[in-house]
Undergrad: 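I am attaching a structure below and will ask some questions about it afterwards.
So you know, we letter chains A, B, ... as the sequences are listed, proteins then strands, and number each from 1. Predicted model only: the values in this text are computed from it and were never measured.
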Protein chains: 2
Amino acid sequence: MRIGELATGTGVSVRALRYYEEQNLLTSERTPSGQRQYPDSAIDRVLLIQQLYAAGLTSKSIADLLPCVVNGEATPELLTRLAAERDHIDTRIADLTTARTRLNAVITAATTNLRTGQHCQRP
Amino acid sequence: MRIGELATGTGVSVRALRYYEEQNLLTSERTPSGQRQYPDSAIDRVLLIQQLYAAGLTSKSIADLLPCVVNGEATPELLTRLAAERDHIDTRIADLTTARTRLNAVITAATTNLRTGQHCQRP
DNA sequence: CTAAAACCTGACGTCGACGTCAGAGGCAAG
DNA sequence: CTTGCCTCTGACGTCGACGTCAGGTTTTAG
């Protein structure tokens with residue numbers, strides 16, 4: 001498939017796909033005229049990349065870790081990094097959960113205020 | 001307290017505190033010579049701001065929502081935004097959880113490979 | 001009184017993941 | 001053949017939350 005099809009198939013922009021290649025996250029064959037050709041598996045690959053980005057990893061981290069994620073290969077150092085990234089994700093989840101709890105408390109309180117007609121609690 | 005004390009008391013840089021003021025997230029009294037003066041409550045305020053940043057909110061969103069969070073005041077529109085931010089946080093948590101699960105699977109698989117001495121699963 | 005430390009206001013620099021524009025070539029349809 | 005869309009390679013622009021530097025004032029310690 002060509003780059004446009006991969007883009008629409010994954011919901012990722014053409015620019016982003018070229019950027020991924022530039023960052024060594026994604027490879028492509030080239031037609032004699034120089035156009036990129038991707039196998040069907042590229043779709044899953046791009047979706048995986050998106051997931052890792054969503055997890056807060058940088059391009060460099062993803063580039064380092066992708067061979068391991070894809071092949072199951074790993075050195076002890078890579079395993080350490082993977083575990084570190086996982087722990088980082090854990091702390092981010094914890095932060096988000098804290099913020100969510102706080103926000104939700106505010107929402108329920110404010111909703112109650114609205115319902116009872118009191119827009120402010122100052123006595 | 002002065003800005004340096006607030007900075008060390010919250011773990012936030014002086015520059016960041018001035019930035020918060022610029023973004024209308026934080027106010028300060030001024031001494032006759034122009035130096036900022038903060039009440040003790042500013043510490044909690046800054047920590048709250050940090051939490052909301054950690055939740056992925058922008059300065060503008062925080063500026064809009066802080067009066068509500070602090071005072072319990074809210075208009076229906078603000079409530080809608082608050083709920084939207086909360087839902088956004090939920091999806092981010094879900095994304096992170098998915099990535100974490102995936103990463104963890106990779107870690108356990110790779111650890112097993114290391115233990116059994118097989119660095120690659122290709123037959 | 002003086003030197004160090006803290007504070008002030010601009011204003012430019014940074015970093016990452018792209019967006020966007022320019023200019024040029026490629027490809028299927030009529 | 002040409003029209004119109006797709007693709008290519010640079011290369012500069014963006015945005016947000018600050019970092020950092022310059023040049024000057026203020027507060028504090030000795």
Undergrad: Checking side-chain polar atoms at under 3.5 Å, does A:T10 have a donor or acceptor matched by the opposite partner on A:Q50?
TA: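 No - no donor-acceptor pair under 3.5 Å links their side chains.
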Undergrad: Have a look at A:R2 and say if it touches a base, only the backbone sugar-phosphate, or nothing, with a 4.0 Å heavy-atom cut-off.
TA: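 Contact class for A:R2: sugar-phosphate only.
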Undergrad: Which comes earlier along DNA chain C counting from the 5' end, the contact point of A:S33 or that of A:Y19, where each point is its nearest nucleotide?
TA: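 With A:S33 and A:Y19 compared, the 5'-side residue is A:Y19.
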Undergrad: Starting at atom CD1 of A:I3, determine the distance to atom C1' of D:dC6, rounded to an integer number of angstrom.
TA: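 Those two atoms, CD1 and C1', are 11 Å apart.
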Undergrad: Can you tell me how far the CZ atom of B:R36 sits from the OG1 atom of B:T27, to the nearest 0.5 Å?
TA: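 B:R36 atom CZ to B:T27 atom OG1 measures 11.0 Å (nearest 0.5 Å).
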Undergrad: Rounded to the nearest angstrom, tell me the gap between atom CD in B:Q35 and atom P in D:dG24.
TA: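 From B:Q35 CD to D:dG24 P: 18 Å.
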Undergrad: Over all strands shown, is A:S59 touching base, sugar-phosphate only, or nothing at heavy-atom distances under 4.0 angstrom?
TA: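 Sugar-phosphate only.
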Undergrad: How close or far is atom C1' of C:dC8 from atom OH of B:Y38, stated in whole angstroms?
TA: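 Rounded to whole Å, this separation is 12 Å.
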Undergrad: From B:L96 CG over to B:I89 CD1, what is the distance, rounded to the nearest 0.5 angstrom?
TA: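 Reported to 0.5 Å precision, the distance equals 11.5 Å.
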Undergrad: Would you kindly give the CE-to-P distance between A:M1 and D:dT7, to the nearest whole Å?
TA: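 Answer to the nearest Å: 11 Å.
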Undergrad: Nearest heavy atom decides the nucleotide; on that basis, is B:G4 or B:R15 closer to the 5' end of DNA chain C?
TA: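 Nearer the 5' end of the strand: B:G4.
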Undergrad: Just wondering, do B:Y53 and B:S59 contact through their side chains at under 4.5 Å, heavy atoms?
TA: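 Yes, close enough: below the 4.5 Å cut-off.
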Undergrad: Measure CD/A:E21 against P/C:dA17 and give the value in whole Å, please.
TA: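 Computing the A:E21:CD to C:dA17:P distance gives 17 Å.
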Undergrad: Hey, does the side-chain of A:R36 have a donor or acceptor N/O within less than 3.5 Å of a partner on the base of D:dT7?
TA: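 Not at all, since no donor on one side and acceptor on the other fall under 3.5 Å apart.
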Undergrad: With a cut-off of less than 4.0 Å, is there a side-chain N or O of B:R30 near OP1 or OP2 of C:dT9?
TA: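 So the side chain of B:R30 is within the cut-off, an N or O lying under 4.0 Å from OP1 or OP2 of C:dT9.
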Undergrad: Could you work out which one of D:dC18, C:dG19, D:dT9 sits closest to the side chain of B:Q50?
TA: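 In terms of side-chain proximity for B:Q50, the closest of D:dC18, C:dG19, D:dT9 is D:dC18.
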Undergrad: What's B:L57 touching, base or sugar-phosphate or nothing? Going by heavy atoms closer than 4.0 Å.
TA: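 Sugar-phosphate contact only - B:L57 comes under 4.0 Å of backbone atoms but never of a base.
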Undergrad: Ignoring hydrogens, what is the shortest heavy-atom contact between A:L78 and A:C68? Give both atom names and the distance.
TA: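 For A:L78 versus A:C68, the nearest heavy atoms are CD1-CB, 4.3 Å.
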Undergrad: Check the distance between D:dT26's P and B:Q37's CD and give it to me in whole angstrom.
TA: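 My rounded result for the distance is 15 Å.
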Undergrad: How close or far is atom C1' of D:dC8 from atom CD of A:E22, stated in whole angstroms?
TA: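 Going from A:E22 (CD) to D:dC8 (C1'), I get 14 Å.
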Undergrad: Which nucleotide in the list D:dT7, D:dG19, C:dC8 gets nearest to the side chain of B:S13?
TA: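 Given the options D:dT7, D:dG19, C:dC8, the side chain of B:S13 is closest to D:dG19.
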Undergrad: Would you say a side-chain N or O of A:Y53 is under 4.0 Å from OP1 or OP2 of C:dG16?
TA: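 No.
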Undergrad: I want to confirm an ordering. Mapping B:K60 and B:T31 to their closest nucleotides on DNA chain D, which one lands closer to the 5' end?
TA: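 This one resolves to B:K60.
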Undergrad: Could you check how far CG of A:L26 sits from P of C:dC18, rounded to whole Å?
TA: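 It is 12 Å, rounded to the nearest whole Å.
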